[in-house]
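Quick notes on the structure that follows.
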Amino acid sequence: DLFKCQIFREEEEEMEREPTRVMVAVNESTIKGKPHPSISSKRAFEWTLEKMIRSNTSDFKILLLHVHVVDEDGFDEVDSIYASPDDFKESNKSKGLHLLEFFVKKCHEIGVSCEAWIKKGDPKDVICQEVSRVRPDLLVLGSRGLGRFQKVFVGTVSGFCVKHAECPVLTIKRNADETPSDLADD
């Protein structure tokens with residue numbers, strides 16, 4: 001009876017455990033004519049699914065954040081949260097929604113729960129603000145793998161977030177065979 005009680009208590013604790021919340025910051029490709037996820041953010045997302053989540057879909061929740069860099073196009077902040085492919089059916093395809101739709105569909109294909117949203121501003125600042133607000137267990141970012149010279153002129157969001165985000169940060173480099181001719185492109 002003591003053995004049965006111990007098993008019951010372990011099962012009860014397992015049911016009460018919250019899923020590990022992994023925030024993945026995603027962005028659009030900077031390569032002209034390519035309205036798709038950037039190489040680095042797609043790689044970070046795929047790595048998260050393959051190496052962390054694997055088949056433990058109920059143990060994780062993916063939080064997808066896209067930061068729209070502010071320009072003069074009149075883009076308004078999107079406050080809606082997108083958690084299912086159906087959420088995109090009635091929405092207009094404003095900037096970034098097609099990007100989030102790509103990642104949300106992938107999450108649902110493998111059965112992992114997710115939330116996705118768009119904020120506007122400087123990506124490094126907004127990502128750190130959202131980490132403070134949402135409190136994920138881990139932040140996963142793609143990294144272009146720029147050298148010192150390029151970092152001075154281009155800067156890196158991942159480097160800033162490693163230093164300033166209020167949670168553990170994992171950066172995933174894109175594969176060498178995915179590197180475009182211009183290293184600053186992604």
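A side-chain contact (heavy atoms from CB on, under 4.5 Å) with Val140 is found for exactly one of Thr171, Thr48, Ile62, namely Thr48. When the options Lys105, Lys106, His98 are evaluated for a side-chain contact (heavy atoms from CB on, under 4.5 Å) with Phe102, the one that passes is Lys106.
Under the 4.5 Å side-chain contact rule for hydrophobic residues, Phe160 and Val126 do not share a cluster.
Cys128 contributes atom SG, which lies 14.0 Å from atom CZ of Arg133 (distance to the nearest 0.5 angstrom). Once rounded to the nearest 0.5 Å, the distance linking CD1 of Ile172 with OG of Ser143 reads 9.5 Å. One distance of note links NZ of Lys61 with CZ of Arg21; it measures 7.0 Å at 0.5 Å rounding. A distance of 10.5 Å separates CD in Gln129 from CD1 in Ile127, rounded to the nearest 0.5 Å.
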side-chain contact (heavy atoms from CB on, under 4.5 Å) between Val69 and Asp122, worked out: CA-CA 6 Å; Val69 179; Asp122 182 334; over 6 Å; no

side-chain contact (heavy atoms from CB on, under 4.5 Å) between Leu49 and Ile110, worked out: CA-CA 9 Å; Leu49 296 181; Ile110 68 161; 3.6 Å; yes

Derivation of the side-chain contact (heavy atoms from CB on, under 4.5 Å) call for Cys107 and Ser113: CA-CA 7 Å; Cys107 286; Ser113 69; over 6 Å; no

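The two residues Pro123 and Val157 have their closest heavy-atom pair at CB-CG2, 4.0 Å. In terms of heavy-atom proximity, Thr57 sits nearest to Gly111 at CB-O, 3.4 Å. Closest heavy-atom contact between Pro37 and Lys42: CB-CB, 4.1 Å. In terms of heavy atoms, Leu100 sits closest to His66 at CD2-CB, 3.9 Å. Leu65 and Trp117 get closest at one heavy-atom pair: CD1-NE1, 3.4 Å. Closest approach of Leu64 and Phe103 over heavy atoms only: CD1-CB, 3.5 Å.
Partners of Lys51 according to the side chain to side chain contact (heavy atoms under 4.5 Å, CB included) rule, which considers only residues two or more places apart in sequence or in another chain, are Trp47, Arg54.
Checked for salt-bridge contact, Arg135 and Glu166 meet the test: a charged N lies under 4.0 Å from a carboxylate O.
Under 3.5 Å, the side chains of Asp137 and Thr20 contain no donor-acceptor pair of N or O atoms.
A donor-acceptor pair is defined here as one N or O able to donate and one able to accept, closer than 3.5 Å; such a pair exists between the side chain of Ser41 and the backbone of Asn27.
Contact check for Cys161 versus Leu139: side-chain heavy atoms found under the 4.5 Å cut-off. Within the 4.5 Å cutoff, the side chain of His68 has no heavy atoms near those of the Lys119 side chain. Side chains of Val169 and Leu141 form a contact here, defined as non-hydrogen atoms less than 4.5 Å apart. With contacts defined as side-chain heavy-atom distances shorter than 4.5 Å, the pair Leu138/Met52 qualifies. Using a 4.5 Å cut-off on side-chain heavy atoms (C-beta onward), Pro19 and Asp59 make no contact.
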